[in-house]
Amino acid sequence: MLSYRQSSLIFGHLRKGQAKQKLVDLFFDFLDVVEKLRPRVVVAENVRGMIIGLAKGYVSLVAKRFREMGYEPQLFRLNSATMGN
């Protein structure tokens, strides 16, 4: 299993000193690693903003890339306040 958690800076609020970073590209760098390692399971986490509003197109590109690599992407919106203790 390969797991990835991208910063909420892409679709959330930018923190001081990070406005110049291209964090959107990091997800596709992660997909390059997935393609090279070919794990059976991939878990990628991001913020709610990825599946609503203007970022939906971004999620479509990520899901398309997963399908091109032979994966069956599943998207879930979970509330972390209800997960665990």
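Numbers here simply count residues along the sequence, with the first being 1. Just the heavy atoms: all of them, side chains too, but no hydrogens, waters or symmetry mates, feed the values below.
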Quick one: pull up CG in Leu61 and CZ in Phe27 and give me the separation to the nearest 0.5 Å. 11.5 Å
For the NZ atom of Lys36 and the CG atom of Asp32, what is their distance to the nearest 0.5 Å? 6.5 Å
Restricting to non-hydrogen atoms, name the atom on [X] and the atom on [Y] that form the minimum distance, rounded to 0.1 Å.
| X | Y | answer |
| --- | --- | --- |
| Arg67 | Ser60 | NH2-O, 4.5 Å |
| Pro73 | Ala63 | CG-O, 3.7 Å |
| Val43 | Phe30 | O-CZ, 4.3 Å |
| Met69 | Glu35 | SD-CB, 3.3 Å |

Got a sec, which residues hit side chain to side chain contact (heavy atoms under 4.5 Å, CB included) with Glu68, two or more places apart in sequence or on another chain? Lys64, Arg65
